[in-house]
Amino acid sequence: MSPHKEEAMAVIAQETTLAGIADRLSSQLPGHRVEILQGRLTVTPPADGPHAEALTWLIEQFYEAGAKRAGLRYLQAIGVVLPSGPEDHAIPDFSLVEDDYKDAHVRQNCFAPHVFRMVLEVTSSNWSDDIGPKVDCYAQAGIPVYLVADRRHDEVVLYTDPRGGGYRSRTPFKRGMNVPLPEVTGVALELAVDRLLDGEPGEPIA
């Protein structure tokens with residue numbers, strides 16, 4: 001058993017709630033993302049280089065598009081409270097939120113979903129969560145736009161129009177295409193699929 005798995009098992013043995021386990025794991029596994037999705041605890045290891053590059057590129061794009069002047073903030077590693085369970089929360093890779101998002105603080109580093117205009121995930125080892133449970137969770141939370149850079153299937157998928165517990169619209173984008181952000185985000189911007197999937201252009205990591 002790996003050291004990280006041993007630590008996780010030790011934490012589970014000492015805690016009685018998922019929230020308590022999540023808190024302990026977050027402090028004991030720096031750089032890991034600990035979430036509770038539909039009552040299930042998930043732990044994601046730190047991002048790889050291309051994943052991190054894609055997020056840095058996103059920050060640059062939103063800065064140049066004037067998101068701050070539009071009264072928005074673009075952030076990494078803040079949590080959104082989900083309605084799928086009393087302790088449920090996700091920590092999107094990238095979030096576009098209202099400027100006053102701090103007023104919607106619920107617990108620890110988690111905020112109410114109504115201040116989120118868009119969330120984005122770049123898939124990694126937990127890719128099945130990003131294209132499965134998180135689609136439902138973000139829709140149920142009423143987040144207007146969910147964008148997934150699905151590196152597993154080599155495409156970017158745009159989910160919009162959350163109603164009735166699901167997204168009414170699912171639009172895939174292939175390499176060579178740009179993803180136009182919906183008007184509801186408040187930002188006039190098109191994002192290159194290749195940059196979202198690969199980060200910086202160049203040779204992939206072996």
Side-chain angles (χ1 to χ4, degrees), residues 31 33 35 44-80 90-102 104 109-111 113-127 129-131 134-135 137-139 141-162 167 169-205:
R33 188 166 45 151
E35 303 168 298
T44 306
D48 58 28
H51 185 293
E53 289 172 357
L55 298 181
T56 298
W57 177 75
L58 277 169
I59 290 173
E60 295 168 350
Q61 296 302 297
F62 278 86
Y63 172 80
E64 293 175 2
K68 284 189 177 181
R69 293 192 299 274
L72 301 168
R73 292 290 179 268
Y74 36 94
L75 305 168
Q76 296 181 44
I78 68 166
V80 54
I91 305 174
D93 285 322
F94 182 92
S95 299
L96 182 67
V97 297
E98 305 284 351
D99 185 56
D100 60 354
Y101 76 95
K102 292 178 183 176
N109 192 38
C110 293
F111 301 84
H114 71 269
V115 297
F116 289 76
R117 296 278 189 98
M118 181 184 86
V119 295
L120 180 145
E121 302 282 7
V122 178
T123 62
S124 53
S125 59
N126 67 335
W127 61 270
D129 283 336
D130 293 337
I131 66 173
K134 283 190 177 181
V135 178
C137 289
Y138 290 145
I143 296 175
V145 178
Y146 176 34
L147 192 61
V148 187
D150 184 355
R151 300 191 296 177
R152 177 80 174 190
H153 299 98
D154 208 34
E155 65 180 3
V156 173
V157 182
L158 176 67
Y159 295 91
T160 58
D161 192 14
Y167 284 108
S169 176
R170 177 190 185 278
T171 308
F173 294 83
K174 301 300 182 182
R175 286 188 176 277
M177 301 175 69
N178 292 329
V179 182
L181 295 187
E183 187 176 346
V184 68
T185 62
V187 179
L189 184 60
E190 293 192 0
L191 299 173
V193 168
D194 289 29
R195 292 299 296 268
L196 289 170
L197 293 173
D198 300 335
E200 294 289 342
E203 292 296 322
I205 296 174

* Structure fact -> salt bridge (Lys or Arg N to Asp or Glu O under 4.0 Å) filter on D129, not counting sequence neighbours, yields R40
* To do: Write down the atom of P92, the atom of E35, and the distance for their closest heavy-atom approach.
  => N-OE2, 4.4 Å
* Asked: Could you state the interatomic distance from NZ (K102) to CZ (F111), rounded to the nearest 0.5 Å?
  -> 8.0 Å
* To do: Check step by step if side chain to side chain contact (heavy atoms under 4.5 Å, CB included) holds for L191 and L181.
  => CA-CA 8 Å; L191 299 173; L181 295 187; 4.0 Å; yes
* Would you confirm whether R73, through its side chain, and V97, through its main-chain N or O, come within 3.5 Å as a donor-acceptor pair? => no
* Asked: Do side-chain atoms of R117 reach the backbone of V145 as a donor and acceptor pair under 3.5 angstrom?
  -> no
* **Donor-acceptor contact below 3.5 Å, side chain R33 vs main chain I91** => yes
* Verify, without hydrogens or angle tests, whether E121 (side chain) and D93 (backbone) share a donor-acceptor contact under 3.5 angstrom. => yes
* Which class fits the ring pair Y74 and F94: parallel under 30°, tilted 30 to 60°, perpendicular over 60°? -> parallel
* Side-chain donor or acceptor of D198 paired with backbone N/O of P201 under 3.5 Å -> no
* **Flag, side chain of N109 to backbone of A77, donor-acceptor distance under 3.5 Å** => yes
* Asked: Is there side-chain contact between E98 and L72, with heavy atoms separated by less than 4.5 Å?
  -> yes
* Please confirm whether the backbone N or O of R175 pairs with a side-chain atom of D194, one donor and one acceptor, at under 3.5 Å? => no
* Asked: Taking the six-membered ring where the residue is Trp, are the ring centres of F116 and Y138 under 6.0 Å apart?
  -> no
* Structure fact -> Sorted by chain and number, sequence neighbours left out, side-chain hydrogen bond (donor to acceptor under 3.5 Å, both in side chains) with S124 holds for N126
* Structure fact -> On a heavy-atom basis, the closest approach of P113 and A141 is CB-O, 3.5 Å
